[in-house]
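First the structure, in the form of C-alpha cells, and then the observations on it.
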Protein chains: 2
Amino acid sequence: MDLIEGKERFIQAWGALGSNWGVNRTMAQIHALLLLSPEALSAENIMEELKISRGNANMNIRALIDWGLVYKELKPGERKEFFVAEKDLWEVVKQIIIQRKKKELEPMVKVLDEISSVEGDDPASEEFKKMVREIKLFSSKADSTLDTLVKADSNWFVGTFLKMIR
Amino acid sequence: MDLIEGKERFIQAWGALGSNWGVNRTMAQIHALLLLSPEALSAENIMEELKISRGNANMNIRALIDWGLVYKELKPGERKEFFVAEKDLWEVVKQIIIQRKKKELEPMVKVLDEISSVEGDDPASEEFKKMVREIKLFSSKADSTLDTLVKADSNWFVGTFLKMIR
DNA sequence: TTGTACTTTCAGAAAAAACTGAAACGTAAG
DNA sequence: CTTACGTTTCAGTTTTTTCTGAAAGTACAA
C-alpha cells in the first residue's frame with residue numbers, strides 16, 4: 001500500500017467513525033485530512049483533496065472550529081486562512097465530551113426536572129415519578145463523572161486509570 | 001403538568017437524545033415508552049402510543065432487542081409477543097458501549113493495522129506512519145479501558161468511581 | 001387442511017440531512 | 001474610491017435515512 005492510498009483509507013474510515021459521533025462525514029474527513037497533514041492547509045487545499053464545494057468546506061471547517069477540534073492559523077504576509085487539527089487525541093475526545101454533554105445531557109436534565117413535578121398520587125403517577133427520579137440521579141452522576149474525567153489529564157487517562165481499576 | 005403530558009415530554013426528550021447515540025429517534029422513543037411502562041407492551045400498544053406503522057414498530061423493536069436494550073416477554077396463553085425495557089440504566093449504557101465498540105472501534109483498529117504498512121521511507125511516509133501508530137495506540141487503550149469499564153458493576157460506577165478519582 | 005392471529009419483509013414514499021454554486025459580503029492594497 | 005482576493009451565506013438540489021402499508025410468511029388450533 002502506498003502513501004496516497006493509505007491516506008485515502010484513513011480519511012474514509014475516520015469519516016465513517018465520525019458520522020456516529022455527532023460529527024458529520026465531511027466534517028470528520030476534513031479533520032482526518034488535517035490530522036495527517038504536518039502543515040496547515042487552506043480551504044482550497046481541503047476542497048481539492050476531498051472534492052467538495054467551497055460552501056461545504058467553509059461550513060464544516062467553521063463547525064470543527066466551534067467544536068474545538070481545529071484551529072485557524074494566519075501566516076504572516078498571507079491573506080488566506082490556514083487550518084490545523086488538534087492532534088492530541090485525548091484532547092479531541094475531551095472536546096467531544098464537553099460539547100455533547102452541553103448539547104445533550106444538560107437539556108435532558110432540564111426536562112427531567114420539569115416532568116418530576118407531575119401531579120397526582122395515583123399508583124401510575126407515583127411509578128412515573130419514581131422512574132424519573134432514578135433517571136435524574138443517574139444523569140447527575142454521569143454528568144459529574146464526565147466533568148471529573150475531562151479535568152483529568154491525558155497521562156492519567158492512558159496510564160494510571162487502567163491499573164487503578166483492575 | 002399531568003401524567004400524560006409528562007410521559008409525552010419524556011418520550012420526546014429521550015428520542016432526541018438517542019438520535020445522537022447511534023439509536024434512531026423512533027427506536028429511542030420506543031425504549032422510552034417501555035422504560036416508563038411497568039407492564040410489558042405489545043407491538044400494537046406501541047404503534048398506538050407513538051402513532052407509527054406496524055413495519056416501523058416491528059423493525060425498531062427488533063433492533064432494540066439486538067442492541068440488548070429490550071427483552072421479549074411471552075405471556076402464557078397469549079399468542080402475542082410483549083416487550084419490556086432494560087430498566088437498569090447502567091446496563092443500558094454498558095450495552096451501548098459494547099455494541100458501538102464492536103461496530104466502530106474494532107473496524108477502525110483494523111484499518112489502522114492495514115495502513116500502517118505503507119511503503120516508503122521518505123519524510124512524508126514516515127510522518128504518516130508515526131501518526132497512524134499514535135492513533136492505534138490510543139485506540140487500543142480506549143478499547144481496553146472500555147472493556148474494563150463494562151466489566152465493572154453498577155454500584156461501582158455510581159458509588160466508588162467518583163471518590164476514587166478525586 | 002383451512003382459518004385465524006400474529007410477525008416479518010421490503011418497494012416505494014416521505015422526511016431529514018448534507019451539499020452545491022453563485023451572489024453577497026468584508027477588507028486590505030493600490 | 002475601486003479593485004482584487006478571500007470568506008460567508010443560503011435557496012435550491014441531491015443524497016441518505018427513515019417510515020409506511022400491503023403482501024408474504026409463520027405457527028397454532030380446529
Side-chain angles (χ1 to χ4, degrees), chain A residues 11-12 14-34 40-67 69-84 100 103-104, chain B residues 11-12 14-34 40-67 69-84 100 103-104:
Chain A
I11 290 170
Q12 291 306 326
W14 202 252
L17 187 67
S19 60
N20 296 312
W21 277 86
V23 171
N24 82 37
R25 180 177 213 80
T26 303
M27 211 185 292
Q29 290 185 341
I30 294 175
H31 185 245
L33 181 63
L34 291 173
L41 299 180
S42 68
E44 300 245 319
N45 295 152
I46 293 169
M47 288 163 56
E48 280 165 27
E49 293 256 16
L50 301 179
K51 296 175 175 51
I52 59 176
S53 72
R54 182 172 299 283
N56 195 10
N58 181 69
M59 292 211 281
N60 283 300
I61 292 169
R62 295 307 134 188
L64 281 166
I65 293 174
D66 289 344
W67 276 74
L69 304 179
V70 162
Y71 310 112
K72 191 185 292 193
E73 197 174 283
L74 292 169
K75 296 192 184 178
E78 291 251 34
R79 204 133 146 209
K80 223 181 294 192
E81 296 177 333
F82 292 81
F83 306 96
V84 287
R100 297 191 62 180
K103 282 208 279 272
E104 297 168 30
Chain B
I11 290 170
Q12 292 306 326
W14 202 252
L17 187 68
S19 60
N20 296 312
W21 278 86
V23 171
N24 82 36
R25 180 176 214 79
T26 303
M27 211 185 294
Q29 290 185 341
I30 294 175
H31 185 246
L33 181 62
L34 292 173
L41 300 180
S42 68
E44 300 245 319
N45 295 153
I46 293 170
M47 288 163 56
E48 280 166 26
E49 293 256 17
L50 302 179
K51 294 173 175 54
I52 58 176
S53 73
R54 182 172 299 283
N56 194 10
N58 182 67
M59 292 211 283
N60 283 301
I61 291 168
R62 295 306 133 189
L64 281 166
I65 293 174
D66 289 346
W67 277 74
L69 303 180
V70 161
Y71 310 112
K72 191 186 289 192
E73 198 172 281
L74 292 169
K75 295 193 185 177
E78 291 252 34
R79 248 209 219 172
K80 222 180 296 192
E81 296 177 333
F82 291 82
F83 307 95
V84 287
R100 298 192 60 178
K103 282 207 281 272
E104 297 168 31

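To find a chain, count down the sequence lines: A is the first, B the second, and so on, and within it residues start at 1.
Distance from the side chain of A:Thr26 is smallest for C:dC19 among the nucleotides D:dT8, C:dC19, C:dT8. Which of C:dG21, D:dT20, C:dC6 sits closest to the side chain of B:Asn56 comes down to D:dT20. For B:Met59, the listed nucleotide lying nearest its side chain is C:dT9; candidates were D:dG21, C:dT20, C:dT9.
What separates CG of B:Leu74 from P of D:dC28 is a distance of 11 Å, to the nearest Å. Remark: P of D:dT20 and CD1 of B:Ile61 are 13 Å apart, rounded to the nearest angstrom. Separating the CG atom of A:Asn20 from the C1' atom of D:dT17 is a distance of 13 Å, rounded to the nearest angstrom. Put simply, CG on B:Asn58 is 12 Å from P on C:dC10, counting in whole angstrom units. We find that CD of A:Glu81 is positioned 12 Å from C1' of C:dT27, with the value rounded to whole Å. Atom CD in B:Glu78 sits about 16 Å away from atom C1' in D:dA29, given to the nearest Å. Distance B:Ile52 CD1 to C:dA15 P: 16 Å, rounded to the nearest Å. Rounded to whole Å, the distance from CG on B:Asn24 to C1' on C:dA16 is 12 Å.
One finds a side-chain N or O of A:Asn60 lying less than 4.0 angstrom from the OP1 or OP2 phosphate oxygen of C:dC19.
Across every non-hydrogen atom of B:Asn60 and B:Met27, the tightest pair is OD1-CE, 3.5 Å. In plain terms, the two heavy atoms of B:Trp21 and B:Trp67 that are nearest each other are O-CH2, 4.3 Å. Annotation for A:Ala28 and A:Trp14: closest pair O-CD1, 3.2 Å, computed over non-hydrogen atoms. Residue A:Lys80 comes nearest to A:Ser42 through the heavy atom pair CD-CB, 3.6 Å, listed as atom of the first residue, atom of the second, then distance.
Between A:Arg54 and B:Lys51, the residue anchored nearer the 5' end of DNA chain D, judged by the nucleotide with its closest heavy atom, is A:Arg54.
With hydrogens and angles left out, the side chain of A:Arg79 and the base of C:dT27 share a donor-acceptor pair within 3.5 Å.
Proximity of a side-chain donor or acceptor of B:Asn58 to a complementary backbone N or O of B:Arg54 within less than 3.5 Å is not detected.
Among the protein residues, B:Arg62 comes within range of the sugar-phosphate backbone only, with heavy atoms under 4.0 Å from sugar or phosphate atoms but none that close to a base.
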